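Report on one structure; see the data block that follows.
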Protein chains: 2
Amino acid sequence: MPDELSTALALRRHPERAVEDRAAALAVLDAGLVCHVGFVAGGRPWVIPTTYGREGDTLYLHGSPLSRTLRTLAGGVDVCVTITLLDGLVLARSAFSHSMNYRSVVVVGRAGEVTDGADKGAALRCIVEHVLPGRWDEVRPPTPKELSATVVLALALDHLSAKARSGAPLDAAGDRALPVWAGEVPMARSVGDPRPDPALIGDVPLPASVVTMMRAAAP
Amino acid sequence: MPDELSTALALRRHPERAVEDRAAALAVLDAGLVCHVGFVAGGRPWVIPTTYGREGDTLYLHGSPLSRTLRTLAGGVDVCVTITLLDGLVLARSAFSHSMNYRSVVVVGRAGEVTDGADKGAALRCIVEHVLPGRWDEVRPPTPKELSATVVLALALDHLSAKARSGAPLDAAGDRALPVWAGEVPMARSVGDPRPDPALIGDVPLPASVVTMMRAAAP
């Protein structure tokens with residue numbers, strides 16, 4: 001990978017911060033559910049949301065939403081994958097100092113299609129387990145036909161960068177005495193009560209995966 | 001704008017559906033807080049999160065996070081702006097039929113920098129009011145110096161397309177009798193209790209903008 005990528009991503013020069021940044025970036029990545037995949041097609045940029053999972057230093061993208069375009073790009077495609085977690089509104093005394101609290105990670109590189117059946121099954125498992133840990137073993141695994149109907153892309157996590165903002169607004173000194181309320185309004189992803197499929201047959205209890213997620217999400 | 005853009009976005013041929021789709025797409029756009037802006041720089045795709053607002057048929061992007069790159073692209077930049085709202089997990093009986101409920105809108109076009117001071121002020125007001133209606137009139141407006149330090153991009157909403165999924169999982173007929181729990185787990189953006197800036201001077205009450213938002217967000 002060219003050095004200018006690292007420069008563009010503004011990776012830290014200090015190794016100890018680089019390690020810290022990488023761990024922070026991976027934590028943001030692991031906390032998201034949807035990523036936005038950017039690629040170039042027909043000379044134009046495109047950004048498509050999709051699901052993903054991580055196994056070590058590889059990011060797997062559920063590529064089916066992109067498949068019509070990506071299949072025309074043999075040998076892999078340059079992508080930028082961005083994951084953003086909105087943590088709240090930052091309300092300042094001046095319009096100019098308004099902001100958001102957030103965590104985001106940007107991954108750049110060349111994504112390639114996973115074609116081997118066993119590899120693809122493992123990648124799909126990774127994506128399902130990322131979205132809902134424990135789910136894979138509760139459900140019917142994919143058939144070879146289903147696997148071949150699914151597009152999965154793999155992207156090495158060689159070039160990633162995280163940005164974040166947290167905490168109170170930072171008004172200019174001259175504004176701090178203004179009689180204007182300032183502060184944060186926290187935001188997060190909330191999980192509602194599960195809605196059973198009306199077509200469920202018999203009395204099927206909530207699975208352990210959902211019970212665990214609901215417990216973790218409880219206030 | 002070239003016709004292939006409309007084709008790529010799969011806009012409906014039926015005018016009555018196109019109207020319906022446009023209204024639905026604008027509703028998704030209006031419900032989001034963060035967009036992902038894709039652009040091409042150095043021959044590579046980049047995707048950056050930022051805030052935005054809409055005034056009629058114009059999308060305004062808070063371009064400051066992108067400014068270093070965008071300022072080098074005189075005369076506007078081709079962008080793809082994607083907004084995604086995650087509405088829940090769709091848990092099926094088979095791994096293959098797992099999905100997400102979501103609403104997303106994709107806008108493509110050429111974004112240009114807003115340079116006139118008055119226009120930029122109006123665009124910033126649009127962005128602040130999008131994030132928190134009523135906030136603009138509560139705070140100190142930007143000075144000319146602050147305005148010139150802010151980058152705002154305008155993008156005509158000429159080419160947009162919405163996609164959405166809702167409802168229960170769609171398992172194959174042969175899977176419906178499997179003793180596996182299936183259904184939806186709704187997800188949404190939740191709003192927490194406001195945290196006043198520790199530097200607030202005196203007893204400043206919560207502003208009407210935040211009170212209104214908290215009421216709207218209450219379960």
Side-chain angles (χ1 to χ4, degrees), chain A residues 33-34 36 38-40 44-47 49 51 78-80 82 84 86 89 93-96 98 100 104 124 128 131-132 136 138-142 146 168-169 175-192 194-201 204-207 210, chain B residues 33-34 36 38-40 44-47 49 51 78-80 82 84 86 89 93-96 98 100 104 124 128 131-132 136 138-142 146 168-169 175-192 194-201 204-207 210:
Chain A
L33 287 175
V34 171
H36 284 82
F39 57 96
V40 183
R44 300 187 58 87
W46 298 94
V47 179
T51 52
D78 285 331
V79 295
C80 176
T82 300
T84 305
L86 177 61
L89 309 183
R93 296 155 184 87
S94 69
F96 182 73
H98 277 63
M100 299 253 189
S104 74
L124 270 181
V128 167
V131 173
L132 183 57
W136 186 266
E138 296 171 346
V139 300
R140 177 178 67 68
E146 287 173 339
D175 289 330
R176 287 199 204 121
L178 288 175
V180 176
W181 190 90
E184 304 163 64
V185 180
M187 292 187 167
R189 190 173 63 222
S190 68
V191 179
R195 298 175 190 151
D197 184 348
L200 267 191
I201 293 171
V204 186
L206 266 186
V210 175
Chain B
L33 287 175
V34 171
H36 284 81
F39 57 96
V40 182
R44 301 188 57 89
W46 297 96
V47 179
T51 53
D78 286 330
V79 295
C80 177
T82 300
T84 306
L86 177 61
L89 309 183
R93 296 154 184 87
S94 69
F96 182 72
H98 277 63
M100 300 253 190
S104 74
L124 271 181
V128 168
V131 172
L132 183 57
W136 186 266
E138 296 171 347
V139 300
R140 177 177 68 67
E146 287 173 340
D175 288 330
R176 289 202 201 120
L178 290 173
V180 176
W181 190 91
E184 305 162 63
V185 180
M187 292 188 167
R189 189 173 65 222
S190 68
V191 179
R195 298 176 190 151
D197 183 348
L200 266 191
I201 293 172
V204 186
L206 265 186
V210 175

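Everything quoted here is computed from the prediction, not taken from an experiment.
If you take CG on B:Asp175 and CZ on B:Arg93, they are separated by 8.0 Å, rounding to the nearest 0.5 Å. Atoms NE2 and OG, from A:His36 and B:Ser104 in turn, are 7.0 Å apart once rounded to the nearest 0.5 Å. Going from atom CG of B:Leu178 over to atom CG of A:Leu200 covers 11.0 Å, rounded to the nearest 0.5 Å.
Chain B forms more heavy-atom pairs under 4.5 Å with one residue of A:Ala168, A:Pro142, A:Pro49 than with any other, namely A:Pro49. Residue with the most contacts toward chain A among B:Thr82, B:Thr51, B:Leu132: B:Thr82 (heavy-atom pairs, distance under 4.5 Å). With chain B as partner, the option from A:Gly183, A:Pro198, A:Pro179, A:Ala182 having the largest number of non-hydrogen pairs under 4.5 angstrom is A:Ala182. Of the listed residues (B:Ala188, B:Gly38, B:Pro141), the greatest number of heavy-atom pairs within a distance under 4.5 Å of chain A belongs to B:Ala188. For the options B:Leu89, B:Val47, B:Val204, heavy-atom pairs under 4.5 Å to chain A are most numerous at B:Val47.
Proximity to chain A is limited to the backbone of B:Pro205, based on heavy atoms less than 4.5 angstrom apart. For chain A, the nearby parts of B:Met187 are the backbone and the side chain; heavy atoms of each come within less than 4.5 Å. Using a 4.5 Å cut-off between heavy atoms, B:Thr84 contacts chain A through both its backbone and its side chain. Contacts between B:Pro169 and chain A at a heavy-atom distance below 4.5 Å involve backbone atoms as well as side-chain atoms. Both the backbone and the side chain of B:Leu206 come within contact range of chain A, with heavy atoms under 4.5 Å apart. For B:Glu138, the part lying under 4.5 angstrom from a heavy atom of chain A is the backbone only. Contacts of B:Val210 with chain A are made by side-chain atoms alone, with heavy-atom separations under 4.5 Å and no backbone atom involved. Within the 4.5 angstrom heavy-atom criterion, no atom of B:Leu124 approaches chain A. Both the backbone and the side chain of B:Leu33 come within less than 4.5 Å of a heavy atom of chain A. The contact between B:Val34 and chain A is made entirely by side chain atoms (from C-beta outward), counting heavy-atom distances below 4.5 Å.
Shown here are the salt bridge (Lys or Arg N to Asp or Glu O under 4.0 Å) partners of B:Arg195, two or more places apart in sequence or in another chain: A:Glu184.
Of all heavy-atom pairs spanning B:Trp181 and A:Pro196, the tightest one is CZ2-CA, 3.6 Å. Nearest approach of B:Val139 to A:Ala95, heavy atoms of both residues: CG2-N, 3.6 Å. Of all heavy-atom pairs spanning B:Ile201 and A:Arg176, the tightest one is CD1-O, 3.6 Å.
The side-chain heavy atoms of A:Val191 and B:Val185, taken from C-beta on, include a pair separated by under 4.5 Å. Taking 4.5 Å as the limit, some side-chain heavy atom of B:Met100 sits within range of a side-chain heavy atom of A:Val131. Residues A:Leu86 and B:Arg189 are in side-chain contact: their nearest non-hydrogen atoms beyond the backbone lie under 4.5 Å apart.
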